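One structure is given below, encoded as structure tokens.
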Amino acid sequence: MVNHKSLIEGLVNKPSTHKQLSNAELVEASIRRDEAVLTNTGALRAQTGEYTGRSPKDRFIVRDSVSDSKIDWGDVNQPISQEVFDNLFDKVTTYLNDKEELFVFNGYAGADPHTQLQLQVVNEFSWHNMFAKTMFIRPETKEEALAIDPEFTIVSAPTFKADPKVDGTGSEVFVLVSLEKKIILIGGTEYGGEMKKSIFSIMNYLLPEQGVLSMHCSANVGENKDVALFFGLSGTGKTTLSADPERDLIGDDEHGWNDDGVFNIEGGCYAKTINLSEEKEPEIFKAIKFGSVLENVVIDENGNADYDDDSLTENTRAVYPLDHIDNARIPSVAGHPKTIIFLTADAFGVLPPIAKLSKDQAMYHFLSGFTSKLAGTERGVTTPQPVFSTCFGSPFLPLHATVYANMLGDLIDKHDVNVYLVNTGWTGGEYGVGKRMNLAHTRSMVRRAISGELELGEFAEDEMFGLSIPKSVTGVPENILAPINTWESADAYNEKAQALKEQFIENFKKFGSESAAIAEKGGF
């Protein structure tokens with residue numbers, strides 16, 4: 001019988017295991033071990049090899065007495081047996097035990113001290129350990145870190161490849177979660193985002209049971225304590241739009257909402273950097289310095305990053321500490337939201353750039369979670385693909401979607417929150433014909449929504465989707481607000497919009513009779 005705890009302790013307490021190294025020590029180790037190089041800004045740059053995005057089809061949850069009745073099993077939450085997990089765990093720990101060096105980080109997930117998760121990350125790669133240190137919440141002292149008794153442990157062995165025929169996995173890559181043993185086992189992939197999203201999935205399991213809504217969103221707050229949330233999948237603009245110099249950044253991707261307000265789950269940001277420029281996204285551009293890590297960004301012989309080069313992947317990334325953003329709020333907590341933004345990257349090019357949602361429409365669009373998977377964020381995705389991702393984060397939700405949706409609906413009612421749908425995708429035609437929404441226009445629309453300015457204006461109802469579209473927005477050309485006006489052919493727009501509408505209706509059927517009322521009140 002596998003003794004999981006003792007095997008982990010054996011790895012952690014090896015004489016050659018490095019615990020809680022400083023950034024300088026991790027950078028030195030990464031360069032010494034030929035894992036990464038320094039850029040001219042001091043950021044560490046690593047390449048992740050074959051796997052430059054997450055591998056959702058290789059993620060499994062152990063089906064046992066703890067998980068069996070709680071998990072929403074299916075294509076997202078795939079079950080494996082305890083035997084498969086134990087066999088691979090034994091192989092991976094044996095493999096890591098033979099490594100000359102290992103790297104350990106102890107820290108937290110969740111800025112709310114009442115629901116904070118104590119975690120431990122055991123890494124084969126030093127740059128992965130720096131990724132974890134940057135991404136999660138860091139203890140104030142090394143003594144505090146070493147005193148942590150981890151509730152969950154990540155064991156990461158990227159160079160260990162599984163044999164699917166022998167090990168019972170889907171490929172050489174595996175991300176295995178045991179809720180009973182409180183272990184996340186990762187192997188076969190060097191992509192750092194697997195660690196981040198695994199812990200997010202754990203928080204999505206733990207927080208709702210404590211009466212706290214966990215959310216795949218970014219968050220910021222203004223001088224008037226007007227908190228705004230931005231929901232959306234990777235590439236829809238969560239990080240970009242929440243990094244606003246006029247507002248404090250609470251966090252860029254993962255949050256909880258409790259009786260006191262919202263809090264960040266993380267201690268860092270994980271931004272897409274393709275086509276990043278100082279002019280368009282100055283806060284993110286300046287955050288990439290010593291103490292940050294770049295993934296798969298092409299650099300020249302002088303260490304200069306070329307953010308326009310997608311030859312390695314379009315999913316180039318930067319992970320940096322929250323405090324690299326000048327106006328970050330530390331600790332990353334704030335009050336209750338006044339505004340919620342649902343971000344969608346519509347590859348059909350038929351949804352309006354901004355629309356106000358009623359409470360019922362908000363529930364409908366939250367459960368639908370329509371967007372497009374953008375190139376590179378998952379293996380095999382090379383062009384935008386329309387997708388319905390429940391609650392704007394279905395790959396990371398272990399519980400049934402209605403758990404999160406009902407909690408959000410209750411909170412919208414309780415705190416009288418305004419909800420907007422914002423399309424950061426295409427306008428004037430579908431992908432390949434139209435063009436991507438102008439970022440400056442999107443920023444202006446979002447700022448006017450958060451300030452309350454839009455509430456004072458007039459709205460027109462969109463005939464196709466029943467959405468309330470503002471007739472004017474300061475700083476935005478009026479002709480782009482109604483998407484049909486941006487298409488050369490109204491007939492072509494109507495045909496494409498009708499096709500999307502039918503996809504919405506068909507997708508919602510999967511929620512069954514218990515969500516029929518939401519479809520009737522908030523749908524089309």
Side-chain angles (χ1 to χ4, degrees), residues 217-224 226-233 235-249 252 275 279-284 337-358 361-362 365-366 369-372 374 392 412 417-429 434-462 464-487 493 497:
C217 70
S218 60
N220 63 24
V221 58
E223 291 181 357
N224 298 322
D226 52 338
V227 175
L229 303 181
F230 303 79
F231 285 84
L233 285 191
T236 56
K238 292 194 312 300
T239 299
T240 297
L241 293 169
S242 57
D244 186 332
E246 298 176 11
R247 299 171 61 81
D248 287 353
L249 177 68
D252 82 321
N275 303 132
E279 177 187 5
K280 290 183 178 180
E281 300 174 82
E283 292 78 24
I284 296 173
K338 302 294 184 185
T339 308
I340 289 176
I341 308 290
F342 291 159
L343 298 169
T344 178
D346 172 24
F348 285 108
V350 296
L351 289 177
I354 190 166
K356 191 173 189 303
L357 303 180
S358 68
Q361 288 176 322
H365 283 274
F366 185 63
F370 171 72
T371 188
S372 301
L374 299 186
F392 295 99
I412 288 173
V417 184
N418 291 318
V419 184
Y420 289 87
L421 180 70
V422 172
N423 177 18
T424 62
W426 279 258
T427 181
K435 61 181 181 179
R436 197 81 192 260
M437 290 285 179
N438 182 292
L439 177 59
H441 293 161
T442 301
R443 282 194 189 279
S444 185
M445 288 183 279
V446 167
R447 284 171 176 163
R448 298 320 186 262
I450 293 172
S451 71
E453 181 181 318
L454 292 189
E455 295 290 307
L456 303 177
E458 295 185 62
F459 290 81
E461 183 173 322
D462 169 66
M464 182 65 69
F465 299 104
L467 301 171
S468 296
I469 300 174
K471 290 185 176 181
S472 65
V473 180
T474 304
V476 180
E478 286 189 18
N479 69 300
I480 74 166
L481 295 174
I484 193 171
N485 295 335
T486 67
W487 283 57
Y493 167 83

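None of these values were measured; they are calculated from a predicted model. The basis for the numbers below is simple: all heavy atoms, side chains too, and nothing from hydrogens, waters or symmetry mates.
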Self-check item: Pairing residues for Phe370 by the ring-ring contact (aromatic ring centres under 6.0 Å, His included) criterion, not counting sequence neighbours
Solution: Phe388, Phe504

Self-check item: Partner set under ring-ring contact (aromatic ring centres under 6.0 Å, His included) for Phe230, not counting sequence neighbours
Solution: none

[X]: what forms a side chain to side chain contact (heavy atoms under 4.5 Å, CB included) with it, not counting sequence neighbours?
| X | answer |
| --- | --- |
| Glu281 | Thr240, Leu276, Ile284, Leu439, Arg443 |
| Pro337 | Val227, Leu229, Trp257, Val262 |
| Pro483 | Pro352, Ile469, Tyr493 |
| Asn275 | Asp308 |

Please name all residues satisfying salt bridge (Lys or Arg N to Asp or Glu O under 4.0 Å) with [X], sequence neighbours left out, ordered by chain then number.
| X | value |
| --- | --- |
| Asp248 | Arg329 |
| Arg447 | Asp244 |
| Glu453 | Arg448 |
| Lys471 | Glu458 |

Exercise. Could you list the residues that satisfy side-chain hydrogen bond (donor to acceptor under 3.5 Å, both in side chains) with Asp226, not counting sequence neighbours?
Key: Arg247

Quiz item: So do the side chains of Met445 and Pro353 get within less than 4.5 Å of each other, counting heavy atoms only?
Solution: yes

Quiz prompt | Candidates Val446, Leu454, Ile480 - the one meeting side-chain contact (heavy atoms from CB on, under 4.5 Å) with Val473 | solution = Leu454

Quiz item: Can the ring centres of Phe342 and Tyr420 be said to be less than 6.0 Å apart?
Solution: no

Self-check item: Pairs touching residues 337-351 that satisfy salt bridge (Lys or Arg N to Asp or Glu O under 4.0 Å), sequence neighbours left out
Solution: none

